[in-house]
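Read the structure below first, then the notes.
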Protein chains: 2
Amino acid sequence: MDDIARVRQFNRTVTERIGALDDGYLSRGRPLGQSRLLWEIGAAGDRGAQLRDLRERLELDSGYLSRQLRALEADDLVRVEASPGDSRVRVARLTPAGVAERAELDRSSDALVGGILDPLTERQRERLLAAMDEVGRLMTASAVEVRCVDPADPSARTSVAAYFAELASRFDIGFDPARTRPTPDDEFREPNGTFLVAFLHGEPVGCVGLKLHGDEPAEVKRLWVASSTRGLGLGARLLREVEAAAVALGVGVVRLDTNRTLTEAIAMYRSHGYVEIPDFNGEPYADFWFEKRLG
Amino acid sequence: MDDIARVRQFNRTVTERIGALDDGYLSRGRPLGQSRLLWEIGAAGDRGAQLRDLRERLELDSGYLSRQLRALEADDLVRVEASPGDSRVRVARLTPAGVAERAELDRSSDALVGGILDPLTERQRERLLAAMDEVGRLMTASAVEVRCVDPADPSARTSVAAYFAELASRFDIGFDPARTRPTPDDEFREPNGTFLVAFLHGEPVGCVGLKLHGDEPAEVKRLWVASSTRGLGLGARLLREVEAAAVALGVGVVRLDTNRTLTEAIAMYRSHGYVEIPDFNGEPYADFWFEKRLG
DNA sequence: GCAGTTCTCTGACTAGAGTCAGAGATATGG
DNA sequence: CCATATCTCTGACTCTAGTCAGAGAACTGC
């Protein structure tokens, strides 16, 4: 059976069994959309959910959301009030009856999950859960999109800020961005370089910069992966993509520096064909320097 | 994270990514239901699909199906004709345009699957596919339902017939049901015994019989698993369930006989606590006899 | 304080999915 | 051949989901 047929087969089996999980919501005699909304509002807890957040998260039309909320209010499950700060914004909260109803939804969904797990032996269950984790992880990995982005773009800014914060927490000597060798935005822009950001559901979850040095080897910098997406092979993917971008810009050799506390990164560089070289840039926070010949 | 949360997490990730596969059908500007129907009719090939089969397989209302077909006929994708044998029954076939359209649907669905697989490395892809196979297999296993059934029920009859056919093809000396020790239906009925059938999507895919012998050990017979559902642990499950049924009927010890060519079965008996004993029943086709003390 | 923007709501739609009752044609068992 | 069952079709519905335009209140920057 070829790859595509295997995915299709998976699709059939899974939608049939997992689709039943939605029935748990339907079984409470409420349209699916309203149940989902109820669940989502409850997830926000006591401080309530702002309507605009709900709209964005569930991708609902504003008129549609409004009507759904009205229906839930009519059943006394939800109360919608103006936000204290900005009274254009409205906030939805569950009533006690709504909280109870949501708990009930949870219970019937749990029961359906139980219907999948219960017929299995302990060992089968463990294997199923492990395989589910693997599928989830790899499908998430494949949902990540890497795009070339201007270094002044908000997504690049937040990525670099997160990168610096990460360094500050990992380096045994702390990290002060002012002490590192500065890289103006322009050096990460073509034709001087490039900057890639990885997005998952529209949120930046990783980045990498490339800085050209004329005929000298180019430099890979700011390689960062959000802690929420570790273990998806995203670091390696960013490295591959930045190398491809370098090749496209006519680069033959890339270099980078790294700190001794970033052990996974060091291992990754080594396993991707990077070889250690002497200090080439005098970066104060670096302990190791690597180089790779491309193509 | 507990088991249920893991399943939920899987559900979220998978429905989001896999749900996109349905969009491939929608993208052809036709309602999803009609595309699915088109696909299903095409799967039946040249001899066409009987409407009643389609109705059952897709669980459609007869009026609804009729209308959908009319729409497909209007687009000249499908032709519906009376069945030659029984002209109440009607048969749907794809026109050449329908065949082309179905191929197009396949292609756009392939492209979406590619969108999941392509961003991954070769190794990740292999791990994803293997995990998908595992999830599919175990979810199928958990969808199997084992029920106590009357031995004269059609599901029991077809199971036993398949069991005999299997023996005939596996035994090196062939198998003639007339030569084996006969077991009248009544001996598989309470209070003389019981008969369990495993169902998957309503179809029998396995069975096992239990025959009491008063104070003597009870006998497990007709343990069969359809070749389509091998590797799901269904044999072990039937064995567990028949043992539980035996205990419920007050049985303390069960026995069974088997043929030397059924090596997986023999291995399974051993690993489930069965110990070899001398011939206890003189069954002509048996080479090994086993016993297990229950509870 | 005014122009423009943001946020929510209402009203008026469309489309797909599915249900139900009953009619009409065709087979089957006695 | 007649009563009964099977199969498909039509007409008349309902519900959910979702879209679009525009009104009105509240905020923001100048």
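Just the heavy atoms: all of them, side chains too, but no hydrogens, waters or symmetry mates, feed the values below. Sequence lines set the chain letters: A, B, ... in the order given, protein chains first and strands last, and positions in each chain run from 1.
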- Distance in angstrom units between Arg55(B) CZ and dC7(D) P, rounded: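 So the two atoms are 7 Å apart, to the nearest Å.
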
- Specify the separation, in whole Å, of atom CZ of Arg30(A) and atom C1' of dA17(D).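 Value for this atom pair: 17 Å.
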
- Is the phosphate of dG11(C), meaning OP1 or OP2, less than 4.0 Å from a side-chain N or O of Arg67(A)?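 Checking Arg67(A) against dG11(C): no side-chain N or O falls below 4.0 Å of OP1 or OP2.
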
- Message: Is there a side-chain contact between Arg52(B) and the phosphate of dC7(D), meaning an N or O under 4.0 Å from OP1 or OP2?
- Response: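 Looking at the OP1 and OP2 atoms of dC7(D), one of them is under 4.0 Å from a side-chain N or O of Arg52(B).
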
- For DNA chain D, whose closest nucleotide is more 5', that of Leu65(B) or that of Pro84(A)?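 Checking each residue's closest nucleotide, the 5'-ward one belongs to Leu65(B).
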
- Task: Between Ser62(A) and Gly85(A), name the one whose nearest nucleotide on DNA chain D is closer to the 5' end.
- Result: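 Mapping each residue to its closest nucleotide by heavy atoms, the 5'-most match is Ser62(A).
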
- Could you give the distance from CG (Leu69(B)) to CZ (Arg79(B)), rounded to the nearest 0.5 Å?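 That separation rounds to 13.0 Å.
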
- Task: For Gly63(B) and for Gln68(B), find the nucleotide of DNA chain C with the closest heavy atom, then tell me which residue's nucleotide is more 5'.
- Result: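 The residue whose closest nucleotide sits nearer the 5' end is Gln68(B).
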
- How do Tyr64(A) and Val89(A) order along DNA chain C: which one's closest nucleotide is nearer the 5' end?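 The answer here is Val89(A).
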
Counting only pairs under 3.5 Å, give me each side-chain donor-acceptor contact of residues 39-48 of chain A, with atom names and distances, residues two or more places apart or in other chains.
from     : atom 1 : to        : atom 2 : distance (Å)
Trp39(A) : NE1    : Asp106(A) : OD1    : 2.9
Glu40(A) : OE2    : Arg57(A)  : NH1    : 2.7
Arg47(A) : NH1    : Ala44(A)  : O      : 2.7

- Query: Which residues satisfy the ring pair (Phe, Tyr, Trp, His ring centres under 6.0 Å) test with Tyr64(B), sequence neighbours excluded?
  - Reply: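 If we apply the ring pair (Phe, Tyr, Trp, His ring centres under 6.0 Å) test to Tyr64(B), skipping adjacent residues, there are no hits.
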
- Query: Between the two ends of the helix from dG1(C)-dC30(D) to dG30(C)-dC1(D), what is the bend in degrees, rounded to 10 degrees, where each end axis spans five pairs?
  - Reply: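 Inter-axis angle at the ends, rounded: 20°.
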
- Name the nucleic acid region contacted by Asp61(A), choosing base, sugar-phosphate or nothing; use a 4.0 angstrom heavy-atom cut-off, strictly under.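 The residue Asp61(A) makes base contact.
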
